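All of these numbers come straight from a predicted model, not from anything done at the bench. Numbers for residues simply follow the sequence, beginning at 1.
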Amino acid sequence: MGKTDVASMDLAELQVFFDTLGEPKFRAKQLFEWLHQKQVDTFAKMTNLPQKLREKLEEEATIGGVQMVEKLVSRVDGTRKYLFALENGSVIESVLMQYDYGNTVCVSTQAGCRMGCQFCASTLDGVERSLTAGEMLAQVYTIQKDLGQRISGVVLMGSGEPLDNYDAVLRFIRLLNDANGQNMGQRHMTLSTCGLIAQIYRLAKEQLQITLAVSLHAPNDEIRRQIMPVARANPMEELLQACVDYAAQTKRRITYEYAMMQGINDSDDCARELAKRLRHTLCHVNLIPMNPVKERAYTKSSDQRVQRFAHLLQQDGVETTIRRRLGSDIDAACGQLRRRYMQK
Ligand code: SAH
């Protein structure tokens with residue numbers, strides 16, 4: 001039998017586990033606080049647990065986490081990029097972004113991705129495996145320790161499709177939110193999805209306060225299917241309906257992400273068509289100047305084009321922002337540090 005990964009368990013589950021070890025309940029709470037409040041990564045450091053119990057835990061349990069392999073720090077704006085190794089040798093990336101309002105970590109949910117978006121580096125070799133909740137938490141905790149400052153927000157925008165790893169991602173959100181742990185407000189968490197309709201309906205029922213971001217990247221199915229294979233099984237009309245339902249159930253505004261690719265999705269007509277579909281819904285569009293990926297054919301739209309596109313959307317009553325590019329000198333471009341490492 002494999003060891004029990006205590007890093008991904010909630011307090012109630014830890015209590016059951018301690019019961020099977022013949023240990024009192026309050027020990028579970030102590031362990032939980034070591035893992036999620038003090039955030040230590042070995043049982044040896046849990047000094048208020050009796051030596052005997054620590055030895056028993058070494059034998060029966062493990063703390064699933066990540067190991068730092070490489071770190072790049074931007075001289076321009078302090079953005080940090082981390083390359084982390086998982087137990088099985090897979091590597092993932094996480095990014096720290098420093099804003100006026102706090103420190104945000106971009107978390108990976110899978111090593112690689114199987115969604116196949118044509119402009120994205122993470123999906124080039126498919127998915128290696130999904131991450132556990134503990135491995136997602138370890139990205140946040142490790143960066144917090146390395147930075148020496150509190151991490152106040154997360155965006156699930158690293159490699160992987162969060163809704164393709166649904167249970168572990170929900171576990172991650174709840175553990176990160178736990179008052180006996182990091183105690184991060186759900187409103188400071190953003191889950192980004194390529195638009196898996198069935199899972200969006202499921203997520204709406206969880207009644208979370210997180211922000212749902214949906215990668216739209218096109219005003220219609222014709223263009224969307226060219227760049228996002230998932231659009232075939234998840235037609236835009238139904239996707240937008242699921243988003244309207246999500247907003248109605250949670251009272252939370254949807255963010256639509258739109259990576260601007262020259263000559264593909266950035267014309268005035270595209271802006272007008274998009275505005276027509278989104279107007280009168282509880283939403284906000286975030287235009288992303290696309291990050292060029294070596295292996296991909298797409299180039300980014302000019303700044304002027306992005307500005308114009310934003311203007312047209314706003315004119316038609318759709319609230320729009322342009323995502324600021326951070327860490328340009330360390331190539332924070334999604335997934336490319338990981339690829340460089342894998343090709344070595
Ligand atoms: N699987 C999730 C999270 C992916 S990463 C999703 O699809 O939403 C977060 C965002 O970065 C997504 O909107 C994704 O489409 C976008 N993205 C991926 N590659 C990009 C690139 N080369 N340039 C700009 N944005 C990109």
*Asks:* Measure the acute angle between the ring planes of Phe32 and His36, then classify it against the limits of 30° and 60° as parallel, tilted or perpendicular.
*Replies:*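 Rings of Phe32 and His36: tilted, 30 to 60°.
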
*Asks:* Tell me whether Lys25 at atom NZ has more than 12 heavy atoms from other residues, nucleotides or ligands lying less than 6.0 Å away.
*Replies:*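 No.
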
*Asks:* Once ring pair (Phe, Tyr, Trp, His ring centres under 6.0 Å) is applied, do any residues pair with Tyr101, and if so which ones, sequence neighbours excluded?
*Replies:* Tyr99

*Asks:* Are Asp77 and Gln98 packed together at the side-chain level, in the sense that at least one heavy-atom pair is separated by less than 4.5 angstrom?
*Replies:* no

*Asks:* Run the ring pair (Phe, Tyr, Trp, His ring centres under 6.0 Å) test against Phe309 and tell me which residues pass, sequence neighbours left out.
*Replies:* Tyr258

*Asks:* Between His284 and Thr320, is there a side-chain donor-acceptor contact under 3.5 Å, judged purely by atom types and distance?
*Replies:* no

*Asks:* Taking it one step at a time, do Val140 and Phe172 satisfy side chain to side chain contact (heavy atoms under 4.5 Å, CB included)?
*Replies:* CA-CA 11 Å; Val140 180; Phe172 164 76; 4.3 Å; yes

*Asks:* Run the side chain to side chain donor-acceptor pair (under 3.5 Å) check on Gln262 and Ser302 step by step: do they pass?
*Replies:* CA-CA 8 Å; Gln262 191 174 55; Ser302 67; 5.9 Å; no

*Asks:* Filter on side-chain hydrogen bond (donor to acceptor under 3.5 Å, both in side chains), then keep only pairs touching residues 152-162, sequence neighbours left out; what's left?
*Replies:*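 For residues 152-162, and leaving out neighbouring residues, the side-chain hydrogen bond (donor to acceptor under 3.5 Å, both in side chains) pairs sorted by first residue read Ser108-Ser159, Glu161-Thr193.
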
*Asks:* Mind checking salt bridge (Lys or Arg N to Asp or Glu O under 4.0 Å) for Glu87 and listing every partner two or more places apart, or none if nothing turns up?
*Replies:* none

*Asks:* Determine, for Glu58 against Arg54, whether the closest basic-nitrogen to carboxylate-oxygen distance falls under 4.0 angstrom.
*Replies:*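 Looking at Glu58 and Arg54, the cut-off is not met.
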
*Asks:* Test of understanding: with ring pair (Phe, Tyr, Trp, His ring centres under 6.0 Å), list the residues that count as partners of Phe43, not counting sequence neighbours.
*Replies:* none

*Asks:* Taking atom CD as the centre, does Glu222 end up with more than 12 heavy-atom neighbours from other residues, nucleotides or ligands that are less than 6.0 angstrom away?
*Replies:*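 Atom CD in Glu222 is not packed in, count stays at 12 or less.
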
*Asks:* Answer yes or no: are there more than 12 heavy-atom neighbours, outside Lys276 itself, under 6.0 Å from its atom NZ?
*Replies:* no

*Asks:* After noting the C-alpha distance and the side-chain angles of Asp245 and Gln241, does the key distance pass the side chain to side chain donor-acceptor pair (under 3.5 Å) rule?
*Replies:* CA-CA 6 Å; Asp245 173 83; Gln241 189 50 50; over 6 Å; no

*Asks:* Do you know the tightest heavy-atom contact between Leu137 and Ala7?
*Replies:*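 Smallest interatomic distance, heavy atoms only, reads CD1-O, 3.9 Å.
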
*Asks:* Does a salt bridge link Lys56 with Glu23, judged by any charged N lying under 4.0 Å from a carboxylate O?
*Replies:*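 A salt bridge is present here (some side-chain N lies under 4.0 Å from a carboxylate O).
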
*Asks:* More than 12 non-hydrogen atoms from neighbouring residues, nucleotides or ligands closer than 6.0 Å to CZ on Arg225, yes or no?
*Replies:*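 Correct, the count exceeds 12.
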
*Asks:* I'd like to know if the side chain of Asn286 pairs up with that of Thr255 as donor and acceptor (distance under 3.5 Å, no hydrogens or angles considered).
*Replies:* no

*Asks:* Kindly state each residue pair satisfying side-chain hydrogen bond (donor to acceptor under 3.5 Å, both in side chains) with at least one member in residues 305-314, sequence neighbours excluded.
*Replies:*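 The answer is Asp268-Arg305, Asp268-Arg308.
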
*Asks:* Asn103 side chain to Arg150 main-chain N or O, any donor-acceptor pair under 3.5 Å?
*Replies:*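 Pair found, side chain donor or acceptor close to backbone of Arg150.
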
*Asks:* Only counting residues at least two apart or in another chain, list the ones meeting salt bridge (Lys or Arg N to Asp or Glu O under 4.0 Å) with Asp19.
*Replies:* none

*Asks:* Are any side-chain N or O atoms of Arg252 and backbone N or O atoms of Gln209, one a donor and one an acceptor, separated by less than 3.5 Å?
*Replies:* yes

*Asks:* Assess whether a salt bridge exists between Glu135 and Arg129, defined as any Lys/Arg side-chain N lying under 4.0 Å from an Asp/Glu carboxylate O.
*Replies:*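 Counted as a salt bridge, because a side-chain N and a carboxylate O are separated by less than 4.0 Å.
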
*Asks:* Looking at every non-hydrogen atom in both residues, tell me the closest pair between Asp41 and Lys145 and how far apart they are.
*Replies:* OD2-NZ, 4.5 Å

*Asks:* Looking at every heavy atom in both Ile200 and Ala242, which two are closest together, and how far apart are they?
*Replies:*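 Heavy-atom minimum between the residues: CG2-O, 3.9 Å.
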
*Asks:* List the steps, then state whether side chain to side chain contact (heavy atoms under 4.5 Å, CB included) holds for Leu57 with Phe18.
*Replies:* CA-CA 10 Å; Leu57 285 170; Phe18 271 61; 4.2 Å; yes

*Asks:* What pairs meet the salt bridge (charged side-chain N to carboxylate O under 4.0 Å, His left out) rule with one or both residues in residues 285-298, with sequence neighbours excluded?
*Replies:*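 For residues 285-298: Glu295-Arg339.
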
*Asks:* Apply side-chain contact (heavy atoms from CB on, under 4.5 Å) to Val16 and list each qualifying residue two or more places apart in sequence or on a separate chain.
*Replies:*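 None.
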
*Asks:* Give the intermediate values and the outcome of side chain to side chain contact (heavy atoms under 4.5 Å, CB included) for residues Leu14 and Leu31.
*Replies:* CA-CA 8 Å; Leu14 283 180; Leu31 175 62; 4.0 Å; yes

*Asks:* Using distance only, find each side-chain donor-acceptor pair of residues 227-237 under 3.5 Å and give its atom names and separation, not counting sequence neighbours.
*Replies:*
| from | atom 1 | to | atom 2 | distance (Å) |
| --- | --- | --- | --- | --- |
| Asn234 | OD1 | Ile197 | N | 2.9 |
| Asn234 | ND2 | Val230 | O | 3.0 |
| Glu237 | OE1 | Arg277 | NH2 | 2.6 |

*Asks:* Any donor-acceptor pair under 3.5 Å linking the side chain of Gln118 with the backbone of Gly116?
*Replies:*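 At least one qualifying donor-acceptor pair exists.
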
*Asks:* Taking CD in Gln67 as the centre, count heavy atoms belonging to other residues, nucleotides or ligands within less than 6.0 Å. Is the count above 12?
*Replies:* no

*Asks:* Could you tell me whether Lys3 and Glu60 make a salt bridge, using a distance below 4.0 angstrom between a side-chain N and a carboxylate O?
*Replies:*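 No, this pair does not count.
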
*Asks:* Find the distance between CD1 (Ile151) and NE2 (His188) and round it off to the nearest 0.5 Å.
*Replies:* 13.0 Å

*Asks:* Given side chain to side chain contact (heavy atoms under 4.5 Å, CB included), test Leu216 with Leu239 step by step and report yes or no.
*Replies:* CA-CA 9 Å; Leu216 216 47; Leu239 171 59; 3.9 Å; yes

*Asks:* List for me each residue that meets ring pair (Phe, Tyr, Trp, His ring centres under 6.0 Å) alongside Tyr256, sequence neighbours excluded, and say none if there are none.
*Replies:*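 Partners of Tyr256 under the ring pair (Phe, Tyr, Trp, His ring centres under 6.0 Å) test: none.
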
*Asks:* Please confirm whether the backbone N or O of Val154 pairs with a side-chain atom of Thr104, one donor and one acceptor, at under 3.5 Å?
*Replies:* no

*Asks:* Taking Tyr201 as the starting point, is it possible to reach Leu191 by hopping between hydrophobic residues whose side chains are less than 4.5 Å apart?
*Replies:* yes

*Asks:* Enumerate the residue pairs fulfilling side-chain hydrogen bond (donor to acceptor under 3.5 Å, both in side chains) with a member in residues 167-185, sequence neighbours excluded, ordered by first and then second residue.
*Replies:*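 Counting only pairs at least two positions apart or across chains, the side-chain hydrogen bond (donor to acceptor under 3.5 Å, both in side chains) contacts touching residues 167-185 are Glu13-Arg171, Gln39-Gln182, Gln144-Gln182, Asp167-Arg202, Arg174-Glu206, Asn177-Gln186.
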
*Asks:* Can you tell me if Thr123 uses its side chain to pair, donor with acceptor, with the backbone of Cys120 under 3.5 Å?
*Replies:* no

*Asks:* Keeping the roles fixed (side chain from Asn265, backbone from His217), state whether a donor-acceptor pair exists under 3.5 Å.
*Replies:* yes

*Asks:* Quiz question: by atom type and distance under 3.5 Å, do the side chains of Asn88 and Ser90 form a donor-acceptor pair?
*Replies:*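 Asn88 vs Ser90: donor-acceptor pair found between side chains.
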
